[in-house]
Amino acid sequence: MGRVEALLNLEDVNVHYGAIWALKGINLTVGEGEIVSLIGANGAGKSTTLRAISGVIKTSSGRISYQGEDITKTPAHDIVKKGIAQVPEGRRIFANLTVMENLELGAYIRRDAKGIKQDMEMVLDRFPRLRERISQIAGTLSGGEQQMLAIGRALMTRPKLMLLDEPSMGLAPLLVKEIFSIIQEINQDGTTILLVEQNARMALQIAHRAYVLETGRIVLEGSAQKLASHEDVKKAYLGG
Amino acid sequence: MTDLLQQLLNGLSQGSIYALIAVGYTMIYGIIQLINFAHGDVIMVGAYVALGCALMGLGFIPSLAVAMLTCAILGVIIERVAYRRVRPVSRLAALTSAIGVSLFLEYTMMYFLGADIRTFPAGFFPERTYSLWGITINNKDLLVLGTTLVLVIILQYIIYRTRTGKAMRAVSFDGQAAQLMGVNVNSTVAITFFIGSAMAAAAGLLYGIYFNTVQPLMGLMPGLKAFIAAVLGGIGSVPGAMLGGILLGMTESLVAGFGGSMYRDAVAFIILILVLLIRPTGLLGKGVQEKV
Ligand SMILES: Nc1ncnc2c1ncn2[C@@H]1O[C@H](COP(=O)(O)OP(=O)(O)OP(=O)(O)O)[C@@H](O)[C@H]1O
Ligand SMILES: [Mg+2]
């Protein structure tokens with residue numbers, strides 16, 4: 001990397017939950033147009049990293065910048081407006097609202113009625129199953145459909161950078177493949193991706209670069225290819 | 001038979017007032033899981049403001065509008081000053097703060113305006129009665145029912161048809177996920193207090209006219225009853241609060257009409273206990289937790 005224009009930059013970011021020191025000085029860069037994967041075991045701090053970027057938790061020190069601008073103290077709702085969307089762990093769709101309303105909430109920050117309509121069509125073309133269930137209460141969707149809704153909802157914000165937190169969690173292998181190829185498509189359409197995954201094999205397959213997180217520290221980083229063949233990664237995350 | 005209809009009509013009016021108050025309780029609970037104990041006192045403030053307008057010669061609708069706007073702003077201030085900072089600390093802290101606000105409003109009013117019972121000037125809402133199939137219909141009933149109906153329709157529209165309403169429902173389901181959609185949670189909470197308190201003010205005016213009483217502690221009993229109505233309907237559910245309010249009003253009126261007026265207030269609590277034993281989440285409350 002090095003020469004890649006940094007879209008997102010984390011410098012020495014620390015996060016505490018009370019007495020728990022969850023992120024211990026993270027440095028991480030995401031370049032424009034990249035897919036960057038962040039892998040690591042349970043409790044390593046992957047979700048915490050994404051939450052800090054989105055501004056839903058406060059950092060205790062360090063600096064997060066986006067397009068060269070310091071967003072460390074920017075409130076979460078303004079960060080979305082700057083073009084960073086997150087598909088959170090566990091989907092977090094609004095189960096009491098319809099599929100349509102969930103997608104409309106994705107467009108909450110936007111006022112361009114025409115653009116919203118176009119994007120709605122784009123999302124429904126990408127996820128035909130959502131179109132069939134457009135007026136259904138979102139809580140009644142299957143797990144896979146909920147994941148599609150969560151991704152669709154994030155797309156409705158028209159993000160430049162999309163943070164995805166374990167999109168493959170709890171999905172059947174065929175669906176996992178589908179979701180990963182959708183992520184690649186989204187990236188090819190011009191959205192930069194920061195992907196958190198337990199499924200390291202798949203994550204490294206589609207990523208350009210990757211970081212390995214262990215108990216709040218980044219222990220390895222490099223091109224996805226290089227990491228996929230790294231002995232430690234193979235042993236710990238790719239099953240030998 | 002006409003007796004029964006008469007009681008039901010009275011109950012409907014009384015119940016509408018409960019419903020207007022209960023809606024505010026339930027919206028505020030839905031969005032920040034706080035039982036806003038000061039909500040009943042907002043009713044009282046609304047009644048006083050409307051009374052002031054009436055004494056200055058304003059008519060019903062302008063008085064209603066001024067009272068609603070004043071209390072809406074009061075509600076926003078209460079949330080900002082007394083709840084926002086303590087909410088993240090603990091629910092119990094916020095609840096204690098709410099009780100403090102309630103007492104503050106009651107005794108501030110008492111200090112400045114005295115504890116005397118005041119009434120609306122005679123010309124403010126001239127009473128008329130009509131007879132229909134042996135039932136006496138008072139124009140107060142029509143006023144209460146009409147006003148409630150209009151306000152409830154507006155409220156439903158806001159909650160289910162507007163961008164703000166969508167944000168309110170999203171925040172009450174999952175505040176953090178709503179933030180990730182760019183929803184400003186603090187302003188959405190403020191808007192909820194604005195709307196809920198405006199509804200309470202309307203209830204205050206209607207209550208003041210219906211029972212021709214305005215005094216500093218007038219919000220206590222209807223506030224408590226409306227809280228019961230909200231729990232009865234399923235706290236957090238707006239249609240539930242309306243249903244709970246109407247049901248409670250009607251039941252009370254039937255009990256009072258058929259010789260049990262002494263037990264009227266007790267009945268509300270008995271019903272509450274019975275319903276909660278059978279359906280702990282209330283009539284229209286979520287039977288199962290929707291979150292996955
Ligand atoms: N709200 C919280 N309060 C206290 N501790 C927390 C909280 N959220 C996370 N933690 C702690 O912070 C650490 C990092 O958690 P995080 O959720 O970021 O891990 P993760 O890498 O996403 O794990 P997983 O793969 O299981 O999702 C863990 O030790 C966790 O227990
Ligand atoms: Mg996680």
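The sequence lines fix the lettering, A, B, ..., with proteins before strands; numbering per chain opens at 1. All values reported here derive from a predicted model rather than from experimental measurement.
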Is there side-chain contact between F94(A) and D174(B), with at least one heavy-atom pair below 4.5 Å? yes
More than 12 foreign heavy atoms under 6.0 Å from CZ of F104(B): is that the case here? no
Answer yes or no: are there more than 12 heavy-atom neighbours, outside R163(B) itself, under 6.0 Å from its atom CZ? yes
For R85(B), does the CZ atom have more than 12 heavy-atom neighbours from other residues, nucleotides or ligands under 6.0 Å away? no
Measure the OH-CG distance between Y160(B) and L97(A) for me, rounded to the nearest 0.5 Å. 9.0 Å
Output for pair (R153(A) CZ, L180(B) CG), nearest 0.5 Å, gives 7.5 Å
Partner of Q179(B) under side chain to side chain contact (heavy atoms under 4.5 Å, CB included), chosen from V56(A), I79(A), V80(A): V56(A)
Rounded to the nearest 0.5 Å, the CG atom of D78(A) sits from the CG atom of N184(B) at a distance of 7.5 Å
Nearest heavy-atom contact between L105(A) and K166(B) is CD1-O, 4.1 Å
Does atom CG of L174(A) have more than 12 heavy-atom neighbours from other groups under 6.0 Å away? no
Are any of the side-chain nitrogens in R169(B) or E101(A) under 4.0 Å away from the carboxylate oxygens of its partner? yes
Side chains of M181(B) and E104(A), heavy atoms from C-beta outward: is any pair under 4.5 Å? no
When every non-hydrogen atom of I93(A) is compared with those of F173(B), the smallest separation belongs to O-CE2, 3.5 Å
Taking all non-hydrogen atoms of both residues, which atom of I109(A) and which atom of G182(B) are closest, and how far apart? CG2-CA, 3.7 Å
